[in-house]
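Every heavy atom of this structure was used, including side-chain atoms; hydrogens, water molecules and symmetry mates were not. This chain uses plain numbering: 1 for the first residue, then up along the sequence.
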Amino acid sequence: MKPDDAEEAEKALPETQAPAAPAKNRAKTGGGKFQKGKSGNPSGRKPGSRNKKTLMLEHMSDDDRVAIVSKIIRQAKRGDRLSQKMIVDRIEPPRKGRAAPFALPAIKTAGDVVTALEAVTAAMAAGLLSPAEAVEIAGVVELQRRAIEATQMEARLKTIEQRMDGNE
């Protein structure tokens, strides 16, 4: 279509109807194949339908499993890095955390909590702990503080009950 023809076609349209967007701009204007907010399968997946991978694994025999594992082991012995990684990950999965590389002071009283948090902050500042590790350790210290607080509250309550029993 020539540029003059396009202008004439545009003039021929009624004023209320806008010209169709060119193909390359359809994604931006929403004039594509699918309507926004309208599912191609409104009823969804049928209840009880199963994943293809699950079905495939169920149909595998024990012999198939043995053959696959044997092949992975052979490939790993030949130097296939992916097979080696697969075996190592199954034997010893990656650790989620690591041991804290510093000594946390004993926490027996609420005052000890402050000392422990100071030690955590100092270790983080010195680079012995990452900020994420410091937050995790501080959370453990907070749990210890709550336990101390609960124990102290229980002792106070017991004392008050004994005083009240003595006054009756």
Side-chain angles (χ1 to χ4, degrees), residues 20-159:
K24 66 180 180 180
N25 292 337
R26 278 195 185 144
K28 293 179 185 175
T29 60
K33 182 177 175 182
F34 302 106
Q35 293 177 2
K36 188 173 185 177
K38 189 103 170 172
S39 172
N41 184 9
S43 60
R45 193 172 187 169
K46 293 178 186 171
S49 61
R50 314 236 335 255
N51 192 323
K52 289 179 184 177
K53 187 185 275 188
T54 304
L55 292 171
M56 183 186 74
L57 288 172
E58 284 181 357
H59 291 304
M60 281 177 79
S61 69
D62 289 336
D63 292 338
D64 293 336
R65 286 179 172 77
V66 169
I68 290 170
V69 171
S70 297
K71 183 171 184 174
I72 291 171
I73 291 171
R74 278 195 312 274
Q75 289 174 335
K77 285 180 179 179
R78 282 193 226 129
D80 181 25
R81 294 279 189 199
L82 185 62
S83 298
Q84 291 170 347
K85 182 178 180 341
M86 199 181 311
I87 291 170
V88 169
D89 286 348
R90 293 292 172 197
I91 292 172
E92 187 175 332
R95 292 178 60 185
K96 298 287 183 201
R98 65 180 181 104
F102 81 106
L104 189 64
I107 303 171
K108 300 288 183 195
T109 66
D112 293 340
V113 169
V114 174
T115 307
L117 289 174
E118 287 173 351
V120 170
T121 305
M124 184 184 72
L128 296 173
L129 294 173
S130 71
E133 290 170 328
V135 167
E136 285 183 40
I137 294 170
V140 172
V141 172
E142 170 63 14
L143 289 174
Q144 184 71 26
R145 182 196 62 79
R146 288 182 191 174
I148 291 168
E149 207 172 72
T151 305
Q152 290 174 347
M153 186 66 80
E154 187 177 325
R156 287 180 193 157
L157 185 60
K158 196 173 196 176
T159 304

Can you find a pair of side-chain heavy atoms, one from [X] and one from [Y], that are under 4.5 Å apart?
X: Asp62; Y: Arg65; value: yes
X: Ile148; Y: Ile107; value: yes
X: Pro131; Y: Met124; value: yes

Donor-acceptor contact present, side-chain [X] to main-chain [Y], <3.5 Å:
X: Gln84; Y: Ala76; answer: yes
X: Asp112; Y: Lys108; answer: yes
X: Ser49; Y: Arg45; answer: no

> To the nearest 0.5 Å, what is the distance between OG (Ser83) and NZ (Lys71)?
Replying inline: 9.0 Å

> About how many Å separate CD of Gln75 and OG of Ser70, when rounded to the nearest 0.5 Å?
Replying inline: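 The OG atom of Ser70 sits 11.0 Å away from the CD atom of Gln75.
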
>> My understanding is that only residues two or more places apart in sequence, or in another chain, count here; which of them pass side chain to side chain donor-acceptor pair (under 3.5 Å) with Glu149?
In response: Arg145

> Sequence neighbours excluded, which residues qualify as side-chain contact (heavy atoms from CB on, under 4.5 Å) partners of Thr54?
Replying inline: Arg50, Asn51, Glu58

>> Is there a side chain to side chain contact (heavy atoms under 4.5 Å, CB included) between Val113 and Gln144? Walk through the geometry before answering.
In response: CA-CA 8 Å; Val113 169; Gln144 184 71 26; 5.5 Å; no

>> Counting only heavy atoms not in Asn41 (residues, nucleotides, ligands), do more than 12 fall under 6.0 Å from its CG?
In response: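 Correct, the count exceeds 12.
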
> With respect to Val141, which candidate in Val114, Leu104, Thr115 satisfies the side-chain contact (heavy atoms from CB on, under 4.5 Å) definition?
Replying inline: Leu104

> Any ion pair linking Lys85 and Asp89 (charged N to carboxylate O, less than 4.0 Å)?
Replying inline: yes

